[in-house]
Amino acid sequence: MPRSPMAPSGSFLWSRRIFLTLLTGFVLIPVYVMVSSSLKPLADVTGKFRWLPSGLTFRPYIDIWSTVPLAKYFMNSLIVAGAATICSVVVAVFAAYAVSRYDFRGKRVFTVTVLSTQMFPGILFLLPLFLIYVNIGNATGIALFGSRGGLILTYLTFSLPFSIWMLIGYFDSVPRELDEAALVDGCGPLGALLRIVVPAAIPGIVAVAVYAFMTAWGEVLFASVMTNDTTRTLAVGLQGYSTLYDVYWNQIMAASLVVSVPVVAGFLLLQRYLVAGLTAGAVK
């Protein structure tokens with residue numbers, strides 16, 4: 001049967017297979033090393049590396065909870081990331097809807113300002129936020145430094161602008177006729193948003209929620225400065241497996257796999273919404 005002139009050549013197909021095989025190995029080999037190291041005794045991990053472990057043990061997955069207070073760090077991360085995600089989504093929905101549907105003075109300046117905040121590195125805001133939180137605590141007694149609330153506000157400073165900008169593009173892709181039909185049926189602007197626009201924009205909202213959660217869950221820089229022993233999160237708490245006398249590499253690998261479960265599970269469950277939300281508005 002003759003080959004179609006638009007069909008890729010055999011050399012291209014083989015090149016693609018080789019490239020995808022190498023890319024798959026590049027991704028999966030570090031995962032295999034983490035999993036195998038987490039199932040080895042510490043002496044085997046610190047010794048000469050072996051691709052096939054001589055013995056397997058699940059003891060590191062038990063010891064990770066007692067070597068450091070991992071459960072407390074896990075709860076802190078869950079509270080901070082969950083609250084930051086909820087606040088970011090709620091504020092971004094209302095702000096993006098206002099920018100998408102209404103004309104007001106300073107609209108262009110607002111959108112440009114929101115987008116321009118992504119140009120600056122996070123470390124640029126570390127010292128100013130630290131001084132602001134300390135001064136607020138000294139003046140009002142509100143403990144922002146070293147508290148979960150202060151860390152949530154910190155994460156909102158760099159997750160909220162991107163969330164607003166992303167939802168503006170998604171709301172622009174939702175036909176305005178839906179809003180007008182809702183207004184004709186007796187809904188106010190808030191009713192049209194909550195009953196019509198939000199259900200139609202679920203993929204974009206899910207994409208924003210996943211972004212905000214992943215950003216807060218794995219953040220290290222601000223968490224290492226803005227927290228204490230009580231409010232420490234997972235990203236910083238994993239350093240506790242490295243002591244002055246030893247480094248528990250097998251427990252570090254086991255704990256890293258355990259703390260990755262919520263993010264991986266959430267991504268797998270919501271991936272179809274995430275892909276739809278990230279590509280919405282790209283073609284009009």
Side-chain angles (χ1 to χ4, degrees), residues 24-85 122-123 126 146-152 154-155 158-159 209-271 274:
T24 302
F26 181 78
V27 173
L28 293 182
I29 287 176
V31 177
Y32 171 78
V33 172
M34 287 184 63
V35 174
S36 62
S37 299
S38 68
L39 296 173
K40 295 179 181 178
L42 183 59
D44 291 351
V45 179
T46 56
K48 184 179 179 180
F49 178 76
R50 296 180 180 179
W51 288 100
L52 296 177
S54 57
L56 299 179
T57 176
F58 289 94
R59 190 68 193 177
Y61 286 90
I62 300 174
D63 294 339
I64 58 175
W65 305 99
S66 57
T67 302
V68 302
L70 189 65
K72 181 174 69 174
Y73 300 157
F74 196 95
M75 185 58 63
N76 288 337
S77 291
L78 193 61
I79 293 174
V80 170
T85 300
I123 195 171
L126 182 60
S147 66
R148 297 192 190 107
L151 196 59
I152 293 170
T154 301
Y155 290 158
F158 49 84
S159 67
V210 171
Y211 165 79
F213 186 85
M214 293 179 65
T215 301
W217 186 263
E219 200 279 326
V220 177
L221 177 63
F222 289 92
S224 62
V225 177
M226 299 294 185
T227 59
N228 51 33
D229 293 338
T230 304
T231 59
R232 190 164 296 157
T233 59
L234 282 171
V236 182
L238 292 180
Q239 300 176 4
Y241 294 105
S242 176
T243 65
L244 182 62
Y245 303 101
D246 211 344
V247 179
Y248 301 98
W249 289 109
N250 54 348
Q251 295 187 36
I252 292 177
M253 299 299 177
S256 300
L257 291 171
V258 169
V259 302
S260 301
V261 169
V263 176
V264 174
F267 180 82
L268 293 177
L269 291 173
L270 303 173
Q271 61 176 334
L274 182 62

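Residues Tyr61 and Val258 form a side-chain contact, since some pair of their non-hydrogen atoms from C-beta on lies under 4.5 Å apart. For the pair Asp63 and Tyr241, the minimum side-chain heavy-atom distance is 4.5 Å or more. Residues Trp249 and Ile252 meet the side-chain proximity criterion, which asks for heavy atoms closer than 4.5 Å.
Scanning all heavy atoms of the two residues, the minimum distance from Val247 to Ser242 falls at CG2-OG, 3.6 Å. Residues Ser38 and Leu257 come closest through the heavy atom pair OG-CD1, 3.8 Å. For the residue pair Val220 and Val236, the shortest heavy atom distance occurs at O-CG2, 4.0 Å. Val45 and Ser37 make their closest contact through CG2-O, 3.5 Å (heavy atoms, listed as atom of the first residue, atom of the second, distance). Of all heavy-atom pairs spanning Asn250 and Leu42, the tightest one is ND2-N, 3.4 Å.
When atom types are taken as modelled, the side chain of Gln251 and the backbone of Ala255 share no donor-acceptor pair closer than 3.5 angstrom. Of the possible polar contacts, one joining the Ser36 side chain to the Val33 backbone as a donor-acceptor pair under 3.5 Å is found.
Shown here are the side-chain hydrogen bond (donor to acceptor under 3.5 Å, both in side chains) partners of Asn228, two or more places apart in sequence or in another chain: Thr231. Contacts of Thr57 classified as side-chain hydrogen bond (donor to acceptor under 3.5 Å, both in side chains), with partners at least two apart in sequence or in another chain: none.
Atoms OG1 and OH, from Thr85 and Tyr211 in turn, are 11.0 Å apart once rounded to the nearest 0.5 Å. To the nearest 0.5 Å, atoms CG (Leu221) and CE (Met226) are separated by 8.5 Å.
Within 6.0 Å of the CE atom in Met34, the count of heavy atoms belonging to other residues, nucleotides or ligands exceeds 12. Enclosure of atom CD1 in Ile123 is not indicated, since only 12 or fewer non-hydrogen atoms of other residues, nucleotides or ligands lie within 6.0 angstrom.
Classified by interplanar angle (parallel below 30°, tilted 30° to 60°, perpendicular above 60°), the ring pair Phe213/Trp217 is parallel.
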Contacts table for residues 75-84: side-chain donor-acceptor under 3.5 angstrom, sequence neighbours left out:
from, atom 1, to, atom 2, distance (Å)
Asn76, OD1, Arg148, NE, 3.0
Asn76, OD1, Arg148, NH2, 2.8
Asn76, ND2, Lys72, O, 3.3
Asn76, ND2, Thr230, O, 3.0
Asn76, ND2, Arg232, O, 2.9
Ser77, OG, Tyr73, O, 3.3
Ser77, OG, Leu234, N, 2.8

